[in-house]
**Q** 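Structure in structure tokens, see below.
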Amino acid sequence: MAEDAIELDLDSSPGSETLDAAVEAKAEAAPAESSPAKDELTEREQLLQVVKDVGVKAPEAAASSADKGAEAGSTAEKPAKEVDNEAFTDVPFHKHPRFREVLRQRDTYRTDAERYQNVETFLQTNGLSGDEAADGLRIMGLMKTDPVKAWQEIKPTIQNLLIAAGEVLPDDLRSMVAQGQMTQEAAQEMARTRARADSVERRSTWERQSAEQRYYAQTAQAITSTVTDWQADRERADPNFQAKLPRIQREIAYLQMQEGKPATPQG
């Protein structure tokens with residue numbers, strides 16, 4: 001009972017009322033004094049926001065790096081395409097091995113064609129036939145592998161060449177020398193004079209024949225070109241030209257039988 005009385009006295013004592021009032025006054029004064037704490041909290045919030053932003057960007061950067069790494073890995077691990085020699089879908093067309101091979105073959109064929117054309121031009125310019133050129137190459141080959149047989153092959157040609165060049169007396173001059181009608185020196189000079197004159201005549205004849213051959217070849221080409229152009233023009237102008245062509249060809253054949261083949265493009 002005495003302890004209860006003491007607690008009751010404490011609760012109801014004037015000192016307790018003063019303590020409560022002090023607590024309430026401190027509580028009311030607390031918001032005014034919390035400004036520095038509020039500023040401190042704002043700085044923490046800003047720091048947290050920065051950390052948050054960095055945390056958001058870091059995963060994005062990591063994801064981007066991961067994506068790039070995945071792409072690089074997929075590129076590195078991507079198997080090479082098989083060579084497609086049909087549709088040429090494995091690489092760009094101009095880089096395809098088959099296309100490059102075709103270009104190489106084209107260049108090779110072009111070189112071969114140019115060499116052949118050079119040989120043909122040389123033969124035509126010098127008036128040589130294909131057989132003469134083949135014989136000359138064959139003898140030159142024998143000169144390297146079998147000189148004895150090469151001499152047997154070329155000896156008649158050399159003998160004729162010596163006579164044509166005036167280095168060996170022909171039969172008539174040799175007979176005159178044998179009969180004492182001409183000295184050896186005079187006969188030799190006469191042989192060389194004949195050879196020079198014969199050489200000039202041969203050259204003139206060959207040039208005339210070559211000019212005629214060129215003229216005929218150029219005329220034939222011009223006639224062919226004229227006929228081709230005429231037919232192309234008629235086909236463009238007349239849709240039924242192909243149907244009429246057999247009758248035209250029969251008429252042309254008849255005219256050629258009556259008048260001969262044209263010798264000029266105009267004809």
Side-chain angles (χ1 to χ4, degrees), residues 85-86 88 93-94 96 98-143 153-154 156-166 193-267:
N85 288 328
E86 297 296 333
F88 310 110
F93 183 76
H94 66 283
H96 197 277
R98 179 54 181 163
F99 179 74
R100 293 179 178 272
E101 176 66 17
V102 171
L103 291 182
R104 188 191 65 78
Q105 293 177 353
R106 180 206 62 182
D107 294 338
T108 301
Y109 296 152
R110 179 184 296 171
T111 302
D112 293 342
E114 290 176 352
R115 290 174 178 172
Y116 177 79
Q117 187 62 43
N118 292 336
V119 173
E120 285 290 321
T121 302
F122 178 83
L123 296 180
Q124 293 177 3
T125 303
N126 294 276
L128 296 174
S129 66
D131 292 338
E132 291 173 339
D135 289 341
L137 293 174
R138 182 173 55 81
I139 291 174
M140 291 181 65
L142 288 174
M143 290 172 61
E153 293 278 345
I154 201 173
T157 302
I158 296 296
Q159 290 176 340
N160 293 331
L161 177 61
L162 290 173
I163 294 174
T193 301
R194 286 182 180 181
R196 288 192 292 269
D198 184 63
S199 178
V200 172
E201 181 62 25
R202 285 172 180 264
R203 184 70 181 181
S204 177
T205 301
W206 176 79
E207 289 180 349
R208 184 174 62 255
Q209 292 176 349
S210 298
E212 291 177 354
Q213 291 177 357
R214 288 194 299 270
Y215 170 77
Y216 290 137
Q218 293 172 358
T219 301
Q221 184 176 2
I223 292 174
T224 301
S225 178
T226 300
V227 172
T228 302
D229 293 342
W230 176 84
Q231 182 172 341
D233 291 339
R234 296 305 302 171
E235 288 177 348
R236 286 192 295 267
D238 187 355
N240 298 322
F241 179 80
Q242 289 297 329
K244 301 175 182 178
L245 186 58
R247 288 181 294 171
I248 295 175
Q249 290 174 339
R250 287 195 298 269
E251 184 68 19
I252 292 173
Y254 174 78
L255 291 174
Q256 289 181 354
M257 289 177 60
Q258 296 295 321
E259 303 176 5
K261 294 183 179 180
T264 64
Q266 293 77 12

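Owing to the predicted nature of the structure, the values given are computational and were not obtained by experimental measurement.
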**Q** Please collect all salt bridge (charged side-chain N to carboxylate O under 4.0 Å, His left out) contacts where either partner lies in residues 125-137, sequence neighbours excluded, each pair once.
**A** D135-R138

**Q** List the steps, then state whether side-chain contact (heavy atoms from CB on, under 4.5 Å) holds for L245 with Q249.
**A** CA-CA 6 Å; L245 186 58; Q249 290 174 339; 3.8 Å; yes

**Q** Taking R194's backbone N and O only, do any of them form a donor-acceptor pair with D198's side chain (distance below 3.5 Å, no angle check)?
**A** no

**Q** Working to the nearest 0.5 angstrom, can you tell me the gap between L142 CG and L137 CG?
**A** 11.0 Å

**Q** Atom OG in S204, atom CD in E201: separation rounded to 0.5 Å?
**A**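 S204 atom OG to E201 atom CD measures 5.5 Å (nearest 0.5 Å).
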
**Q** Report yes if some heavy atom in the side chain of Q231 is under 4.5 Å from a heavy atom in the side chain of T228; otherwise report no.
**A** no

**Q** Could you state the interatomic distance from CD (E251) to OH (Y254), rounded to the nearest 0.5 Å?
**A**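 It is 8.0 Å, given to the nearest 0.5 Å.
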
**Q** Nearest 0.5 angstrom please: E153 CD to I158 CD1, how far?
**A**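 It is 12.5 Å, given to the nearest 0.5 Å.
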
**Q** With a 4.5 Å cut-off on side-chain heavy atoms, are Q256 and I252 touching?
**A**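 Side-chain contact under 4.5 Å: yes.
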
**Q** Identify the heavy atoms of P265 and T226 that sit nearest to each other, and give their distance.
**A** CB-OG1, 3.5 Å

**Q** Might you point out which heavy atoms bring G267 and P262 nearest each other, and give the distance in Å?
**A** C-CB, 3.4 Å

**Q** What are the two closest non-hydrogen atoms of T264 and T219, and how far apart are they?
**A**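 Heavy atoms of T264 and T219 come nearest at CA-CG2, 4.3 Å.
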
**Q** Which heavy atom of L123 sits nearest a heavy atom of A133, and at what distance?
**A**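 Shortest heavy-atom separation between L123 and A133 comes out as CD2-CB, 3.6 Å.
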
**Q** Take Y116 and E120, measure what side-chain hydrogen bond (donor to acceptor under 3.5 Å, both in side chains) needs, and give me the verdict at the end.
**A** CA-CA 6 Å; Y116 177 79; E120 285 290 321; 3.1 Å; yes

**Q** Going by an N to O cut-off under 4.0 Å, is there a salt bridge joining R203 and E207?
**A** yes

**Q** May I ask you to check whether over 12 heavy atoms, not counting those of R106, lie within 6.0 Å of atom CZ?
**A**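 Check passes, neighbour count above 12.
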
**Q** Tell me the closest heavy-atom pair linking G166 and A195, and the distance in Å.
**A** N-CB, 3.5 Å

**Q** Atom NZ in K244, atom CG in D238: separation rounded to 0.5 Å?
**A**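 The CG atom of D238 is 3.5 Å from NZ of K244, to the nearest 0.5 Å.
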
**Q** Does the T224 side chain pair with the main chain of A220, one donor and one acceptor, at a distance under 3.5 Å?
**A**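 Yes.
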
**Q** Take Q258 and L255 through the test side-chain contact (heavy atoms from CB on, under 4.5 Å) and record every step on the way to the result.
**A** CA-CA 5 Å; Q258 296 295 321; L255 291 174; 5.7 Å; no

**Q** More than 12 foreign heavy atoms under 6.0 Å from CD of Q221: is that the case here?
**A** no

**Q** Atom CZ in R104, atom OH in Y109: separation rounded to 0.5 Å?
**A**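 Interatomic distance, R104 CZ to Y109 OH, rounded to 0.5 Å: 8.0 Å.
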
**Q** Show the nearest heavy-atom pair for residues W206 and Q124, with the distance to one decimal.
**A**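 Heavy atoms of W206 and Q124 come nearest at CZ2-O, 4.0 Å.
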
